[in-house]
Colleague: 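Following this message is one structure expressed as structure tokens.
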Amino acid sequence: MSSTPVVLSDLIAALGGDLLGGSDIRIARIAPLDEADAHSISFLANPRYQSQLTTTAAACVIVSPAMAEAAAARGAAIVTPDPYLYFARLTQWWAARTRPAVQAGVHASAVVSPDAMLGEGVEVGPLAVIEAGAVIGAGARIGAHCVIERNARVGEGTRLAPRVVLGHGCRIGARGIVHSGVVIGADGFGFAPSKQGFVKIEQLGHVVIGDDVEIGANTCVDRGALADTVIEDGVKLDNLIQIAHNVRIGRNTAMAGCGAIAGSTTIGANCTIGGAANIIGHLTIVDGVHITACTLVTRDIAQPGAYSGAYPFEENSSWQKNAATLRQLHTLRERVRALEKK
Amino acid sequence: MSSTPVVLSDLIAALGGDLLGGSDIRIARIAPLDEADAHSISFLANPRYQSQLTTTAAACVIVSPAMAEAAAARGAAIVTPDPYLYFARLTQWWAARTRPAVQAGVHASAVVSPDAMLGEGVEVGPLAVIEAGAVIGAGARIGAHCVIERNARVGEGTRLAPRVVLGHGCRIGARGIVHSGVVIGADGFGFAPSKQGFVKIEQLGHVVIGDDVEIGANTCVDRGALADTVIEDGVKLDNLIQIAHNVRIGRNTAMAGCGAIAGSTTIGANCTIGGAANIIGHLTIVDGVHITACTLVTRDIAQPGAYSGAYPFEENSSWQKNAATLRQLHTLRERVRALEKK
Amino acid sequence: MSSTPVVLSDLIAALGGDLLGGSDIRIARIAPLDEADAHSISFLANPRYQSQLTTTAAACVIVSPAMAEAAAARGAAIVTPDPYLYFARLTQWWAARTRPAVQAGVHASAVVSPDAMLGEGVEVGPLAVIEAGAVIGAGARIGAHCVIERNARVGEGTRLAPRVVLGHGCRIGARGIVHSGVVIGADGFGFAPSKQGFVKIEQLGHVVIGDDVEIGANTCVDRGALADTVIEDGVKLDNLIQIAHNVRIGRNTAMAGCGAIAGSTTIGANCTIGGAANIIGHLTIVDGVHITACTLVTRDIAQPGAYSGAYPFEENSSWQKNAATLRQLHTLRERVRALEKK
């Protein structure tokens with residue numbers, strides 16, 4: 001990406017860090033080391049890429065103190081204890097320069113109940129719907145086509161992208177980001193079997209989401225059956241995730257796209273859940289657990305650590321042989337046992 | 001959840017069951033046994049939780065005849081042959097007390113074709129779109145931002161949550177519930193390869209959905225290529241499911257979230273399909289088949305029963321060893337064979 | 001599906017092919033061989049189904065030259081080198097007869113910025129939103145409830161179904177088809193860890209999509225972190241797919257529903273990716289690779305060919321035994337080794 005150039009001294013004034021070299025250098029873009037040009041600022045977060053320091057064309061590189069000398073030898077450098085974190089803050093500062101500010105006011109085409117409460121500086125986009133009893137915190141942005149149902153609450157400064165549904169009675173805290181297509185508060189999947197077929201269990205709980213939570217596009221968080229579904233502060237959910245009724249996800253846990261957590265499972269804090277991983281219902285996962293991609297978790301996890309369960313991929317022809325044999329694995333073990341006995 | 005309290009006698013009058021103990025007890029909420037307080041009604045459906053009868057604080061517990069004595073010994077009880085089913089009906093009665101009734105009428109902001117037919121008592125929410133030739137059955141509720149395309153049909157009493165798309169010519173029967181973000185009638189995925197790349201096969205069929213069907217948030221049901229995609233009466237689909245073109249799902253089959261059924265596969269009646277399970281195309285699955293979570297079904301299933309195929313998860317370090325060995329499983333079997341020959 | 005009948009001579013005039021038999025036969029529908037009736041046209045693409053030639057009731061069958069004699073012996077036939085491709089073109093011609101033409105003009109309820117540029121003959125549906133700086137190519141159709149954010153671009157003749165979000169600065173080329181619920185340009189999933197929790201890395205790139213691309217319902221394509229996410233010409237994506245930031249997908253690659261490609265992975269041209277297959281981040285997959293359903297790709301693929309990695313399904317009872325044994329597979333190999341040493 002590129003934008004109106006900035007001089008390094010402005011950047012340092014905003015974000016801190018020790019600048020080695022030309023404070024009047026103009027920066028037009030942020031780029032990885034290997035794609036940077038003479039108008040780029042880049043960063044070296046992983047020592048593995050240190051060799052790129054000598055080959056990058058970047059005008060300035062953000063580095064840790066250990067790399068300061070090597071970086072300064074080749075051009076301007078910003079020295080900071082955690083270059084990746086500095087880079088993250090730089091992207092925020094950069095985006096804030098170009099992103100349209102929240103425009104306080106309700107678009108003429110929006111349908112807002114007179115019984116909704118909108119805080120100071122709230123922006124309501126075109127064709128959004130806000131029902132009676134909803135409360136929107138100061139400085140929040142409700143995107144085009146969002147639906148905020150009755151008695152739902154949006155915290156201060158939270159931004160809803162176009163087309164988000166926040167169901168009746170559901171809440172999200174402050175400084176959240178919710179992407180397009182997210183559905184918060186659809187009914188959990190609950191039925192009692194009967195001779196006449198399934199009988200619906202009405203889902204009477206809500207969804208309660210903490211502060212600083214980000215939710216990716218088309219992700220679903222279902223309302224609880226009796227009690228609430230709970231997403232704690234700082235949780236980050238990627239796209240196309242399914243969070244079932246009465247799940248609880250602990251603080252600062254992150255979950256990559258396309259996975260699902262089934263009903264009533266509790267996930268601890270500071271966990272990471274890889275893409276397309278699934279966790280069955282009614283489990284408890286402690287803090288600090290890391291599930292790798294495509295794993296199906298079928299039992300409680302009581303110890304922090306990394307857990308996996310994906311089938312290793314290979315050429316189709318070998319896979320066919322191995323997969324066929326896998327169906328006889330138990331028998332194979334019996335045969336080994338028999339051989340051992342001899 | 002909680003609500004305006006009700007007295008037990010009212011509840012019994014509405015739902016039946018034998019009440020043992022105080023008909024004038026006031027109930028403010030429905031809760032599981034272990035979360036119930038003195039204003040809660042709870043239920044004991046699974047004998048496994050019988051011990052909770054002695055510890056729960058619930059004012060009243062719904063129990064089977066076998067548990068009646070034990071339950072009555074500790075407080076009020078409702079005795080009924082199937083406590084879980086009674087609980088389901090209780091949630092429905094409870095929800096009906098608080099859910100806004102269908103408000104007959106078309107919101108001023110909705111865009112409804114003069115050539116659409118709306119039955120008696122239909123509610124059309126804000127900013128919904130109903131195209132020419134669409135037919136909406138009596139008492140149906142079309143949520144905000146729904147799009148009902150030309151010649152589509154919605155059955156009597158069916159409720160569409162905000163933001164549902166029902167494609168042209170597609171039909172859903174009576175008493176259905178469709179959650180937000182559902183797309184019914186997008187094109188099936190069909191192309192003919194050619195030297196110039198893929199050539200689209202226009203999808204000329206529709207989607208036909210029976211009565212009493214529930215479809216979860218952001219689920220997709222594609223229109224058929226030539227004939228229709230068919231979902232029979234009583235089917236329940238959870239969130240984020242993909243039903244491809246020309247699939248047929250039999251009566252009262254239920255499918256948990258995030259799975260997919262590929263094109264032209266037929267699923268029988270009374271099946272259950274676990275979360276994130278996938279079924280490839282052109283298969284036939286008989287009635288009464290139960291697929292567990294994360295299974296990939298690659299062949300017809302001709303016998304009722306339970307089928308599975310998920311990789312067992314474990315600590316990452318053991319998984320790495322086992323998964324690496326799995327790539328040599330066929331060779332391992334050959335080695336065992338050689339040993340046996342000696 | 002059925003429609004106003006056409007006579008075969010009209011069909012031949014439009015689509016070519018050699019007609020054997022009655023040019024005045026009236027065709028009311030297209031149907032597979034085994035569902036065809038006396039008013040149907042059908043096709044024989046796969047020699048495996050040749051026996052159906054003698055049993056089908058179709059009025060006319062599209063066949064290859066090798067089948068011409070057999071087909072003509074039973075009724076009318078259209079002879080063409082690639083019957084499946086002919087069938088695809090027939091569906092397009094058929095659909096064009098019944099699909100409402102693009103209606104140039106902006107629906108009164110749409111919210112279109114005066115600073116957006118609309119090409120000739122553009123149709124903007126009810127309640128769509130088009131922001132400042134957006135450019136819509138000639139003949140494009142923007143469905144109801146679509147949101148085209150600032151500076152986004154839609155190519156000539158591209159059709160967006162109802163309810164598509166095209167994020168700010170993102171572009172799609174000509175003749176594309178985007179189905180309902182698609183989100184193009186939501187933020188990629190990027191955070192820097194810190195003591196205070198995750199710090200958002202603002203996603204400053206865009207999504208760039210080529211010509212002749214089709215994207216299925218509820219699929220998500222995230223914007224790049226610094227550079228762009230790129231989908232090349234002719235790519236076909238099915239429903240509920242997740243394309244993460246900075247992914248690049250090569251020309252004419254097709255991907256079935258419910259899979260995901262994680263960040264910064266590059267997929268070659270002319271690949272096929274089966275349903276629910278996942279590819280982890282930062283990989284390179286060459287041209288002509290075919291990934292089967294439910295495979296997790298965890299390493300670069302440098303050779304064209306087919307690759308697989310799905311667990312074979314079986315009856316639950318056998319699966320339980322085999323899966324339990326799988327956890328000890330590495331040990332089993334050690335035991336075989338020990339036996340071999342004896």
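Heavy-atom basis, side chains included; hydrogens, waters and symmetry copies ignored. A note on names: the letters A, B, ... follow the listed sequences, proteins ahead of strands, and every chain is numbered from 1.
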Colleague: Please assess T253(A) against F198(C) for the test side chain to side chain contact (heavy atoms under 4.5 Å, CB included), listing each intermediate value before the final yes or no.
Modeller: CA-CA 9 Å; T253(A) 281; F198(C) 293 107; over 6 Å; no

Colleague: Less than 4.5 Å to any heavy atom of chain A: does that hold for the side chain of I301(C), its backbone, both, or neither?
Modeller: side chain

Colleague: With chain A, which of L329(C), T292(C), V297(C) has the greatest number of heavy-atom pairs at distances under 4.5 Å?
Modeller: V297(C)

Colleague: Given that the side chain runs from C-beta out, which part of D238(A) has a heavy atom under 4.5 Å from chain C: side chain, backbone, both or neither?
Modeller: both

Colleague: After noting the C-alpha distance and the side-chain angles of Q92(A) and V199(C), does the key distance pass the side chain to side chain contact (heavy atoms under 4.5 Å, CB included) rule?
Modeller: CA-CA 9 Å; Q92(A) 294 187 1; V199(C) 175; 3.5 Å; yes

Colleague: So for L237(A), is it side chain, backbone, both, or neither that comes closer than 4.5 Å to the heavy atoms of chain C?
Modeller: backbone

Colleague: Where do P193(C) and D82(A) come nearest, in terms of heavy atoms and distance?
Modeller: O-OD2, 4.1 Å

Colleague: What part of Q203(C) gets closer than 4.5 Å to chain A, counting heavy atoms only: side chain, backbone, both or neither?
Modeller: neither

Colleague: So for L127(A), is it side chain, backbone, both, or neither that comes closer than 4.5 Å to the heavy atoms of chain C?
Modeller: side chain

Colleague: Passes side chain to side chain contact (heavy atoms under 4.5 Å, CB included), T295(C) versus Y311(A)? Steps please.
Modeller: CA-CA 8 Å; T295(C) 296; Y311(A) 198 104; over 6 Å; no

Colleague: Report which part of R223(C) has an atom under 4.5 Å of a heavy atom belonging to chain A: side chain, backbone, both, or neither.
Modeller: neither

Colleague: Say you draw a straight line from OG1 of T325(C) to CZ of R333(A); how long is it, rounded to the nearest 0.5 Å?
Modeller: 4.0 Å

Colleague: Hey, does the side chain of S308(C) reach the backbone of N316(A) with a donor-acceptor pair shorter than 3.5 angstrom?
Modeller: no

Colleague: Examine whether an atom of A31(A) lies under 4.5 Å from a heavy atom of chain C, and if so say whether it belongs to the side chain, the backbone or both; otherwise answer neither.
Modeller: backbone

Colleague: Relative to chain A, which segment of A310(C) carries a heavy atom at a distance below 4.5 Å: side chain, backbone, both, or neither?
Modeller: both

Colleague: For E214(A) and F191(C), what are the C-alpha separation, side-chain angles and deciding distance, and is it a side chain to side chain contact (heavy atoms under 4.5 Å, CB included)?
Modeller: CA-CA 11 Å; E214(A) 183 160 346; F191(C) 303 92; 3.5 Å; yes

Colleague: Out of curiosity, L226(C) CG to F87(A) CZ, how far, rounded to the nearest 0.5 Å?
Modeller: 4.5 Å

Colleague: Measuring only between side-chain heavy atoms, which start at C-beta, is R299(C) closer than 4.5 Å to F313(A)?
Modeller: yes

Colleague: Is the closest side-chain heavy-atom distance between S318(C) and R327(A) below 4.5 Å?
Modeller: no

Colleague: Would you compute the distance between atom OG of S317(C) and atom NE2 of H330(A) and round it to the nearest 0.5 angstrom?
Modeller: 10.5 Å

Colleague: Does some side-chain heavy atom of E314(A) sit less than 4.5 Å from a side-chain heavy atom of Y307(C)?
Modeller: no

Colleague: Which bit of Q328(A) is near chain C, if near means a heavy-atom gap under 4.5 Å: side chain, backbone, both or neither?
Modeller: backbone

Colleague: Answer yes or no: is there a side-chain heavy-atom contact under 4.5 Å between H179(A) and C220(C)?
Modeller: no

Colleague: Between T219(C), L240(C), V129(C), which residue shows the highest count of heavy-atom pairs closer than 4.5 Å to chain A?
Modeller: V129(C)

Colleague: Closest heavy-atom contact between A192(C) and Y84(A)?
Modeller: CB-CD2, 3.6 Å

Colleague: Hey, does the side chain of N239(A) reach the backbone of Q242(C) with a donor-acceptor pair shorter than 3.5 angstrom?
Modeller: no

Colleague: Looking only at heavy atoms and a cut-off of under 4.5 Å, which of I241(C), I280(C), N218(C), N278(C) has the most pairs with chain A?
Modeller: N218(C)

Colleague: Quick one: does R29(A)'s side chain get under 4.5 Å of L204(C)'s, heavy atoms only?
Modeller: no

Colleague: Got K200(C) and K236(A) here, is their nearest side-chain heavy-atom distance under 4.5 Å?
Modeller: no

Colleague: Of the backbone (N, CA, C, O) and the side chain (C-beta and beyond), which part of S109(A) lies under 4.5 Å from a heavy atom of chain C, both, or neither?
Modeller: side chain

Colleague: Between R163(A) and chain C, which part of the residue has a heavy atom less than 4.5 Å away: side chain, backbone, both or neither?
Modeller: side chain

Colleague: Please report the closest heavy-atom contact between A293(A) and L296(C), naming both atoms and the distance.
Modeller: O-CD2, 3.8 Å

Colleague: Side chain, backbone, both or neither: which part of R251(A) has a non-hydrogen atom closer than 4.5 Å to chain C?
Modeller: neither

